[in-house]
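Report on the structure given below.
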Amino acid sequence: MDGFPISWVRSQFPSLAQEFDGHPVLFLDAPGGTQVPRQVIDAISGYLLKCNANNHGLFRTSRKTDEVIEHAHRDMASLLGCRADEIVFGANMTTLTFAMSRVIARGLKSGDEIVVTTLDHDGNVAPWRALEERGIVVRTVDIHTEDCTLDMADLERQMTSRTRLVAAGYASNAVGTINDVATVVKMAHAAGALAFVDAVHYAPHGPIDVAALDCDFLVCSPYKFFAPHMGVLYAKRDLLASLTPYKVRPALNEGWDRWETGTQNHEALAGLIAAIGYIEELGAQVHPGDHAKRHLLLNALEAIRGYERALITRMIAGLREIPGLTFYGISDPARFRSRTPTVSIRLANQTPQQTAEYLGARGIFVWDGNFYALGLTERLGVEASGGLLRIGLVHYNTGEEVERLLDELRQAARC
């Protein structure tokens, strides 16, 4: 953790100073949505105060809104390593995936196949399963239950000459597993299929380079990386040009306008710009000599990855010493490059909801349930008994907070 500017980082997030019932709040709920830095709050209020208008108008506030939209596309492209016209904004990842699944289905016929995984959030499963009513066959890749990793041999078995698309997550939002998405994409392309990657959970924890990954589509949610609630879709430029969107007739038929249905959440776009600016500023903190935006973003995310790995190493070591605790996912420190700092557990003789309530009463905020990773909790055999207790760290958490969590879990395990 040496060298990471944690004091500066925490000073950027005003919500971290909250208290609950006399306890400092410990935010370990990041996989469901992170806290936001001050500049995001200021950007949203600033937009509503000075720029609030619909776009494409011939007056100042509308033109300012056009600038915000263009700026947001450029900045998001810098974060993902693509072109601005390959970025599409929407309400959230699930809505964008449902929309794109319907568009892709226009080119499919009965008997064509789509491959999904047991490890994924249902937002990258249900939109493809919905196509079964059109005669599309959906195949599901299994996992290794002992460490909650994707069974790559089963992925190969599920691929056939009729495979048209493979939908897989970059990382599991429930247990933190980072998939070998580069190999998944290569396998999809080798079969002549498209690759659709859900990077919602991975995005706050490490750099993404869609060009190097060569995926056809990638979705993420800015509210998981310090921005407001909205969704982002990346798609290769030629694919966006070749596909026919569902749109209203007056909407422009070029660029992102043909895909971004209705009026966008412009104040959220202003907040997104500020969130990416925060990541860029963090990059300058860890590498002061660099000035290129993409480099600064990569520097920040590499520093985040290293800092979070130290946190999760400390946390998992402590969790595994608690009597009666069942741990789900990768627990070997030698393999921590293949996980995010998100873990799921259960304590003996209590449900995840009971543990979450115990921690919540002490100002420690965690999630319980299935987190929409329904296929995973069913496969692990825990769905009927309340699912999992999920603990999610990000780079504004500290080693001291990890120790506080471990102390409370030890107490909870004795109850």
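Throughout, residue positions are numbered sequentially from 1 according to the sequence presented. These numbers were taken from a predicted model, which means no experiment stands behind them. Scope of the values below: all heavy atoms of this structure, side chains included, with no hydrogens, waters or symmetry mates.
Annotation for Glu146: atom CD counts as buried by contact number, over 12 foreign heavy atoms lying within 6.0 Å. In this structure, Glu403 places its CD atom where more than 12 heavy-atom neighbours from other residues, nucleotides or ligands lie under 6.0 Å away. Within a 6.0 Å radius of NE2 in His295, no more than 12 heavy atoms belonging to other residues, nucleotides or ligands are found. No more than 12 heavy atoms of other residues, nucleotides or ligands shown are found within 6.0 angstrom of CG on Asn349. The number of heavy-atom neighbours closer than 6.0 Å to CZ of Arg410, taken from other residues, nucleotides and ligands shown, is above 12. Within 6.0 Å of the CZ atom in Arg157, the count of heavy atoms belonging to other residues, nucleotides or ligands exceeds 12.
Rounded to the nearest 0.5 Å, atoms OG1 (Thr351) and CG (Leu389) are 9.5 Å apart. In this structure, the separation between CD1 on Ile114 and CZ on Arg139 is 12.5 Å, given to the nearest 0.5 Å. Annotation: the span from Glu86 atom CD to Tyr234 atom OH amounts to 4.5 Å, rounded to 0.5 Å. In this structure, the separation between CZ on Phe27 and CD on Gln35 is 4.0 Å, given to the nearest 0.5 Å. Of the inter-residue distances, the one linking Glu67 atom CD with Ser62 atom OG reads 10.5 Å to the nearest 0.5 angstrom. Note that CZ of Phe98 is 9.0 Å distant from CG of Leu131, once rounded to the nearest 0.5 Å.
Between Val116 and Asn124, the closest side-chain pair of non-hydrogen atoms is not below 4.5 Å. Between Tyr328 and Leu376 there is no side-chain heavy-atom pair separated by less than 4.5 Å. Within the 4.5 Å cutoff, the side chain of Thr244 has no heavy atoms near those of the Val103 side chain. Side chains of Leu165 and Ser101 form no contact here, defined as non-hydrogen atoms less than 4.5 Å apart. At least one side-chain heavy atom of Leu282 sits under 4.5 Å from a side-chain heavy atom of His395. Between Leu347 and Gln354, every side-chain heavy-atom pair lies at or beyond the 4.5 Å cut-off. With a 4.5 Å cut-off on side-chain heavy atoms, Met187 and Val166 do not count as touching.
Checking each of His201, His205, Arg305 against Thr340 for a side-chain hydrogen bond (donor to acceptor under 3.5 Å, both in side chains) leaves exactly one that passes, namely His201. Here the rule is side-chain contact (heavy atoms from CB on, under 4.5 Å) with Leu269, and of Thr65, Ile69, Ile44 only Ile69 fits it. Under the side-chain contact (heavy atoms from CB on, under 4.5 Å) test applied with His266, the options Asn54, Asp66, Asn52 reduce to a single match, Asn54.
The aromatic rings of Phe226 and Phe13 sit perpendicular, their planes meeting at an angle over 60°, well past the 30° parallel limit. Under the 30°/60° scheme for interplanar angles, the aromatic rings of Tyr223 and His229 are found to lie parallel. Ring orientation note: the planes of Phe196 and Trp128 are nearly perpendicular, at an angle over 60° on the 30°/60° scale. The aromatic rings of Phe20 and Phe365 lie perpendicular to each other, with more than 60° between the two planes, well past the 30° mark.
Ala195 approaches Val185 most closely through the heavy-atom pair CB-CG2, 3.9 Å. The two atoms that bring Pro207 and Glu302 nearest to each other are CG-OE2, 3.5 Å, heavy atoms only.
For Tyr358, there are no ring-ring contact (aromatic ring centres under 6.0 Å, His included) partners, not counting sequence neighbours.
The backbone N or O of Asp112 lies less than 3.5 Å from no partner atom in the side chain of Arg164, so there is not a single donor-acceptor pair. A distance-only check finds no donor-acceptor pair linking the side chain of Glu113 to the backbone of Arg162 [under 3.5 Å]. Proximity of a side-chain donor or acceptor of Gln350 to a complementary backbone N or O of Ala412 within less than 3.5 Å is detected. Side chain of Asp147 to main chain of Ser331: no donor-acceptor pair is present (N/O by atom type, distance under 3.5 Å, no hydrogens or angles). Not a single donor-acceptor pair under 3.5 Å links the side chain of Asp120 to the backbone N or O of Asp122. Judged by distance alone, the side chain of Asn173 and the main-chain N or O of Ala373 form no donor-acceptor pair under 3.5 Å. The main-chain N or O of Ala174 is found under 3.5 Å from a side-chain atom of Ser344 such that the two form a donor-acceptor pair. In this structure a side-chain-to-backbone donor-acceptor pair under 3.5 Å is missing from Arg379 to Thr118. Although no hydrogens or angles enter the test, the distance criterion places a donor-acceptor pair under 3.5 Å between the side chain of Asp154 and the main chain of Asp142. Asp151 contributes a side-chain N or O that, together with a main-chain N or O of Ala153, makes up a donor-acceptor pair within less than 3.5 Å.
No hydrogens or angles considered: a donor-acceptor pair under 3.5 Å links the side chains of Asp216 and His189. Residues Gln353 and Glu357 bring a donor and an acceptor atom of their side chains to less than 3.5 Å of each other. Side chains of Glu260 and His73: a donor on one and an acceptor on the other come within 3.5 Å. Arg346 and Ser385 are linked by a side-chain donor-acceptor pair at a separation below 3.5 angstrom, with hydrogens and angles left out of the test. Side chain to side chain, Arg404 and Thr398 fail the donor-acceptor criterion of an N or O pair below 3.5 Å.
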Problem set entry | Test side-chain contact (heavy atoms from CB on, under 4.5 Å) applied to Phe225 and Leu272, step by step | CA-CA 9 Å; Phe225 57 87; Leu272 171 64; 4.0 Å; yes

Exercise. Between Tyr396 and Thr34, does a side-chain contact (heavy atoms from CB on, under 4.5 Å) hold up when you go through it step by step?
Worked result: CA-CA 10 Å; Tyr396 52 62; Thr34 60; 3.8 Å; yes

Exercise. Hey, mind stepping through Ile316 and Phe327 against side-chain contact (heavy atoms from CB on, under 4.5 Å) and telling me if it holds?
Worked result: CA-CA 9 Å; Ile316 290 177; Phe327 185 93; 3.7 Å; yes

For this session: Go through the steps for Trp259 and Leu243 under the test side-chain contact (heavy atoms from CB on, under 4.5 Å), then give the verdict.
Result: CA-CA 10 Å; Trp259 295 99; Leu243 294 169; 3.7 Å; yes

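Using a cutoff of 4.0 Å between basic side-chain nitrogens and carboxylate oxygens, Asp75 and Lys293 are scored as salt-bridged. Between Lys236 and Asp214 there is a salt bridge, since at least one side-chain N of the basic residue sits less than 4.0 Å from a carboxylate O of the acidic one.
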